Amino acid sequence: MGFVDELRWRNMLHDIMPGTEDLLNKEMVTGYIGFDPTADSLGIGNMVQVMTLMHFQRAGHKPMALIGGATGRVGDPSGKTAERSLLSVEEIQYNLDCQKKQLEKFLDFNCGANSAEIVNNYDWFKEISFLDFIRDAGKYITINYMLAKDSVKNRIEAESGMSFTEFTYQLIQGYDFYWLWKNKNVKLQLGGSDQWGNIVTGTELIRRKDAGEAFAVTTQLIKKADGTKFGKSEGGNIWLDAKKTSPFKFYQFWLNATDADAPNLLRIFSLKNREEIEALEKQHAEAPHLRGLQKALAEEVTARVHSGEDLKRAQDTTAILFGSSFEDFKQLSEAEIEDLIDEKDIFTVSKSLFAAEVDTVSLLGAETGIYPSKGEARKAIQGNGVSINKQKWSMDKRLTADDLLYGKYLLVQKGKKNYYLIVVN
């Protein structure tokens with residue numbers, strides 16, 4: 001199956017320039033995607049583009065990742081309603097180094113002619129003066145052409161306006177494509193659908209400046225079935241760096257995908273073939289309560305981004321959290337316990353509260369707000385709806401400092417699925 005057909009059945013294809021598929025069927029093509037160095041880690045939103053490059057390489061083509069040492073100093077206005085803060089040179093370099101290490105985990109850099117390559121656009125822009133750039137690139141793209149782009153039009157019509165810095169972004173990205181076409185035989189640029197305007201600026205520059213021909217493919221921007229943005233959880237962005245999003249939380253993100261989202265996410269983020277995925281979809285349709293799609297997705301992506309060992313630990317930790325044994329729960333380290341619960345569901349109380357027996361109703365109501373009032377907390381306990389440290393709690397039980405795990409933690413379960421952590425300092 002060709003690369004474009006692969007994107008089609010995975011529901012990833014958005015736009016494709018005429019002639020692109022013929023080119024890809026005729027020869028091995030070098031294609032690139034740009035990555036923005038605004039953070040020291042890629043997020044799972046970037047994973048769509050990583051998967052695009054992986055499919056591109058698996059189809060026999062040569063993938064190139066461009067990390068934007070130059071464009072990162074300008075800031076891409078595409079999809080943005082306001083100008084972002086500019087990073088220092090040192091911050092950008094640090095982010096580039098971190099992202100480069102992550103990209104090297106996903107692409108094959110030693111497989112012959114179609115080995116992956118990473119380039120940094122600062123390597124060619126640092127040699128170009130401003131006057132040279134506006135003479136050699138700027139004269140080929142008209143202001144009218146640039147103003148017609150949605151990324152520019154939307155911002156100019158907005159109250160915040162657009163700086164000249166951001167206005168030049170599409171020309172700089174267009175020149176990247178021209179430089180790579182001229183010097184690296186790159187004939188194709190890939191990206192998310194919000195990048196179409198920037199990409200075709202590059203193909204236009206190649207055509208107008210050197211009468212050359214280049215091509216473009218964009219992929220769908222992912223939204224959840226409910227219309228909300230993909231790539232975030234209640235705790236914020238989902239990152240590929242284990243220090244920013246732990247393997248446990250990463251695994252949980254995929255495991256908690258809705259039944260409406262799971263089929264689309266599996267097609268996009270899995271490397272399984274069509275027959276395997278369609279078999280999983282059929283099983284899921286017959287027994288959705290088993291959450292087969294979510295489990296397959298969470299296992300594959302967690303192992304690829306982190307490791308098999310990290311996946312096993314995430315699965316074990318999940319079993320402990322949702323299991324019934326406090327003895328198992330006590331095997332977790334302090335860091336693992338704090339990682340179990342989203343930050344918004346962690347409450348800190350004073351150690352002085354535990355100088356004597358604790359009024360559990362006050363602790364769950366007034367002191368933490370796990371329940372909106374003491375009355376609600378009392379009603380929940382009387383209704384057998386509260387567990388503390390994996391034990392069903394009753395009004396006649398007494399809570400003391402001896403119940404604190406590691407001398408500081410209480411795990412509170414409200415109903416079947418809502419967990420909270422009380423930290424005593």
Side-chain angles (χ1 to χ4, degrees), residues 1-25 29-36 42-59 61 63-66 68 71 76-81 106 145-146 148-155 169-170 173-174 176-177 180 186-206 213-232 257 260-271 274 277 297 301:
M1 184 185 297
F3 171 66
V4 176
D5 284 335
E6 188 79 33
L7 293 187
R8 278 199 186 101
W9 82 261
R10 291 181 182 273
N11 303 325
M12 293 174 73
L13 188 66
H14 189 271
D15 281 312
I16 180 166
M17 192 170 280
T20 304
E21 198 164 1
D22 290 339
L23 175 75
L24 291 167
N25 290 335
V29 175
T30 303
Y32 86 98
I33 293 177
F35 292 87
D36 191 352
L42 298 172
I44 58 172
N46 302 116
M47 273 295 288
V48 180
Q49 301 312 323
V50 172
M51 295 306 299
T52 302
L53 287 179
M54 291 177 79
H55 289 307
F56 190 66
Q57 186 169 42
R58 284 159 65 98
H61 301 291
M64 185 178 286
L66 180 149
T71 37
D76 183 2
S78 302
K80 302 291 183 294
T81 56
F106 304 112
Y145 181 87
M146 295 174 76
K149 296 287 188 275
D150 287 341
S151 60
V152 174
K153 202 188 311 181
N154 295 341
R155 284 284 296 281
Y169 188 92
Q170 65 169 294
Q173 184 172 327
D176 281 341
F177 199 176
L180 290 170
V186 174
K187 296 182 181 178
L188 174 67
Q189 186 178 169
L190 308 118
S193 59
D194 60 338
Q195 291 297 310
W196 182 258
N198 292 336
I199 293 172
V200 297
T201 297
T203 63
E204 274 298 290
L205 186 59
I206 290 164
E213 190 176 28
F215 300 87
V217 170
T218 59
T219 51
Q220 304 275 4
L221 294 181
I222 306 178
K223 281 194 174 175
K224 294 182 182 177
D226 62 8
T228 58
K229 189 173 181 181
F230 171 78
K232 292 179 180 287
D261 289 321
N264 189 42
L265 295 180
L266 186 67
R267 286 184 177 224
I268 292 168
F269 292 101
S270 175
L271 289 174
R274 186 168 191 165
I277 287 178
L297 178 65
V301 182

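Since the model is a prediction, treat every value here as computed from it, not as a measurement. The first residue in the sequence is number 1, and the count goes up from there.
- Between Gln173 and Gln195, the side chains place a donor N or O and an acceptor N or O closer than 3.5 Å (distance only, hydrogens not considered).
- Ala216 meets the side-chain contact (heavy atoms from CB on, under 4.5 Å) test with Met17, Trp196, Ile199; sequence neighbours excluded.
- Looking at residues two or more places apart in sequence or on another chain, you find a side-chain contact (heavy atoms from CB on, under 4.5 Å) between Leu221 and Ser193, Asp194.
- For Phe56, the ring-ring contact (aromatic ring centres under 6.0 Å, His included) partners at least two apart in sequence or on another chain are Phe3, His61.
- Listed by chain and residue number, Glu300 satisfy the side chain to side chain donor-acceptor pair (under 3.5 Å) test with Ser270 (two or more places apart in sequence, or in another chain).
- A search for salt bridge (charged side-chain N to carboxylate O under 4.0 Å, His left out) contacts involving Asp15 returns nothing, not counting sequence neighbours.
- With sequence neighbours left out, the side chain to side chain donor-acceptor pair (under 3.5 Å) criterion links Glu204 to Arg207, Arg208.
- With sequence neighbours excluded, no residue satisfies ring-ring contact (aromatic ring centres under 6.0 Å, His included) with Tyr145.
- With sequence neighbours excluded, no residue forms a side-chain contact (heavy atoms from CB on, under 4.5 Å) with Asp22.
- Between the side chain of Gln220 and the backbone N or O of Leu13, at least one donor-acceptor pair lies under 3.5 Å.
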Notebook entry, point to check: When you look at Thr20 and Val29, which way does the side chain to side chain contact (heavy atoms under 4.5 Å, CB included) test go after all the steps?
Noted result: CA-CA 10 Å; Thr20 304; Val29 175; over 6 Å; no

Checklist line | Worked check of side chain to side chain contact (heavy atoms under 4.5 Å, CB included) between Phe230 and Ile268 | finding: CA-CA 13 Å; Phe230 171 78; Ile268 292 168; over 6 Å; no

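- For Gln49, the side-chain contact (heavy atoms from CB on, under 4.5 Å) partners are Ile33, Phe35, Thr52, Thr219, not counting sequence neighbours.
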Next item on the list: For the pair Ile206 and Phe177, evaluate side chain to side chain contact (heavy atoms under 4.5 Å, CB included) and give the outcome as yes or no after the intermediate values.
Entry: CA-CA 8 Å; Ile206 290 164; Phe177 199 176; 3.9 Å; yes

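- Nearest heavy atom pair, residue Gly31 against residue Leu53, reads O-CD2, 4.4 Å.
- Applying the salt bridge (charged side-chain N to carboxylate O under 4.0 Å, His left out) criterion to Arg58, with sequence neighbours excluded, gives no partner residue.
- Residues meeting the side chain to side chain donor-acceptor pair (under 3.5 Å) test with Glu213, sequence neighbours left out: none.
- Checked against salt bridge (charged side-chain N to carboxylate O under 4.0 Å, His left out), Glu6 has the following partners two or more places apart in sequence or in another chain: Arg10.
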